[in-house]
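Step one of this worksheet: look at the structure below.
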Number of protein chains: 2
Amino acid sequence: MKETATKILDVGQELIQTRGYTAMSFQDIAVQVGIKKPSVIHHFSSKADLGVAIIQRYRDTFASQLEAIKNDPEKTSWEALEFYFSPYLHFASTPDTVCLCGALAGEVPALPEKMRAEVKQFMEDHQRWLEVILRTGRKNGELNFKETPARLSRMLFNTLQGTLLVKRSTDDLSQLKDVIKVIMHMLK
Amino acid sequence: MKETATKILDVGQELIQTRGYTAMSFQDIAVQVGIKKPSVIHHFSSKADLGVAIIQRYRDTFASQLEAIKNDPEKTSWEALEFYFSPYLHFASTPDTVCLCGALAGEVPALPEKMRAEVKQFMEDHQRWLEVILRTGRKNGELNFKETPARLSRMLFNTLQGTLLVKRSTDDLSQLKDVIKVIMHMLK
DNA sequence: TGCTACCTACCGTACGGTAGGTAGTCAACC
DNA sequence: GGTTGACTACCTACCGTACGGTAGGTAGCA
């Protein structure tokens, strides 16, 4: 049986990814977890605290995945890229869901200050990891591109985030696959 | 002296671009226009109606600009591209502002149904215009690329939207210029 | 007379958050 | 071994605030 706090984080994250932080309420979370609103607040004393906890948990799991890939010398750059793209492909099959950082980025002005710093770090984590893959891939001779790894990684990261964003309104789920295909092709 | 209805549309649009549709309230608009809340509702009988009116006005002006460019035989494809990118470059100098469609796309699940269709059309307008520029530019021999114009225009549009999105949290205003430079370079 | 633009006053709802209480668990103590 | 106290998880009931929206009235103008 999952602990209540973990359930709250799970439900909260899902709600942010589908409806956004502002539209996520303690009440919604309480209903989905099966408890009452004040009990949610008992675990996370404010909405901002809950938001920060959700981002931090996500960042932690992301960081550990990064380490696992980094320390596996058998992984090729292409496999690392595929791993990086896999969650995006997952979003391609769920019309209204979006990467956590993308959902939060769209709401930055409405976010409590505590959360903004986390979101910023979050974006930088993502972009920098892609940068590392690109740099080592080119050094190994596996990947081929003209731009600097920093600039290209920023651009590709932005493209992925933008595709997720646009997907929400157009419901054109095939775009994500197309975009990833084009990116892969560009790097050969 | 500007008409009140126009002022309401102006202020409303600005609020959507900075804070988002959900966080935009009749009260905020009333204060900035210099009237009381019910007077705003007198002009636009519901928040959804106001939202639709704002998008429609934007789409109309965008469409007329499109026609003007299309019907000017002296404009090169590069000039058309520059014109297309110019509003994005403007956003590069305003940290918290975002393209109207991008701001709304991030909130699609929270939007009233009437607005969703408008947002969708909005995105398609933008993307299709870029597609036309790319297609005619290649036909003229001015532009050079391998992908189909449809696929490439979607990708570039997504990249621009994503860059605006990411900008909100990172405050890295130089990215937009960089991205546009890279795109221009790609098309040579 | 009728219309437009605006106003004050109000309504119901939903939100984040608080106050205060209850039931269960567990360790410390006589 | 039973009693006590502290702690945790959860509850009901409530508060202030802000929202979208309504009712009804007024001043000016054609």
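- Across all strands shown, A:Ser25 has heavy atoms under 4.0 Å from sugar-phosphate atoms exclusively, and none from any base.
- At whole-Å resolution of the value, CD in B:Gln27 and P in D:dC19 are 7 Å apart.
- Side-chain contact annotation: A:Gln161 with A:Tyr88, donor-acceptor N/O pair under 3.5 Å present.
- Taking the six-membered ring for Trp, B:Phe157 and B:Trp129 have ring centres at least 6.0 Å apart.
- Regarding contacts with the backbone of D:dG21, every side-chain N or O of B:His42 stays at 4.0 angstrom or more from both OP1 and OP2.
- Taking atom CD of residue A:Glu3 and atom C1' of nucleotide D:dC10, one finds them 15 Å apart after rounding to whole Å.
- Side-chain to base pairing of B:Lys37 with D:dG20: one donor and one acceptor N or O lie within less than 3.5 Å of each other.
- B:Asp49 has its CG atom 14 Å from the P atom of D:dG20, to the nearest Å.
- C:dT22 atom C1' lies 16 Å from atom NZ of A:Lys36, rounded to whole Å.
- The distance between atom NE2 of B:His43 and atom P of D:dT22, rounded to the nearest whole Å, is 16 Å.
- Summarising the geometry, the separation between CG on B:Asp28 and P on D:dA18 is reported as 11 Å, rounded to the nearest angstrom.
- For A:Ser39, no side-chain nitrogen or oxygen approaches OP1 or OP2 of D:dA9 to under 4.0 Å.
- Of all heavy-atom pairs spanning B:Arg168 and B:Arg19, the tightest one is NH2-N, 4.4 Å.
- Of the residues near DNA chain C, B:Pro38 and A:Ile41, the one whose nearest nucleotide (by heavy atom distance) lies more toward the 5' end is B:Pro38.
- Distances shown here put a side-chain N or O of A:Lys47 below 4.0 Å from the OP1 or OP2 atom of C:dG16.
- Rounded to whole Å, atom C1' of D:dG20 lies 16 Å from atom CG of B:Leu111.
- If you take CD1 of A:Ile35 and P of D:dA9, they are 11 Å apart, rounded to a whole angstrom.
- Looking at B:Ser45 and B:Asp49, their side chains do bring a donor and an acceptor atom within 3.5 Å of each other.
- With B:Ser153 as reference, B:Gln127 is the one residue of B:Arg135, B:Glu147, B:Gln127 to meet the side chain to side chain donor-acceptor pair (under 3.5 Å) rule.
- Residue A:Thr4 places at least one side-chain N or O closer than 4.0 Å to OP1 or OP2 of D:dC10.
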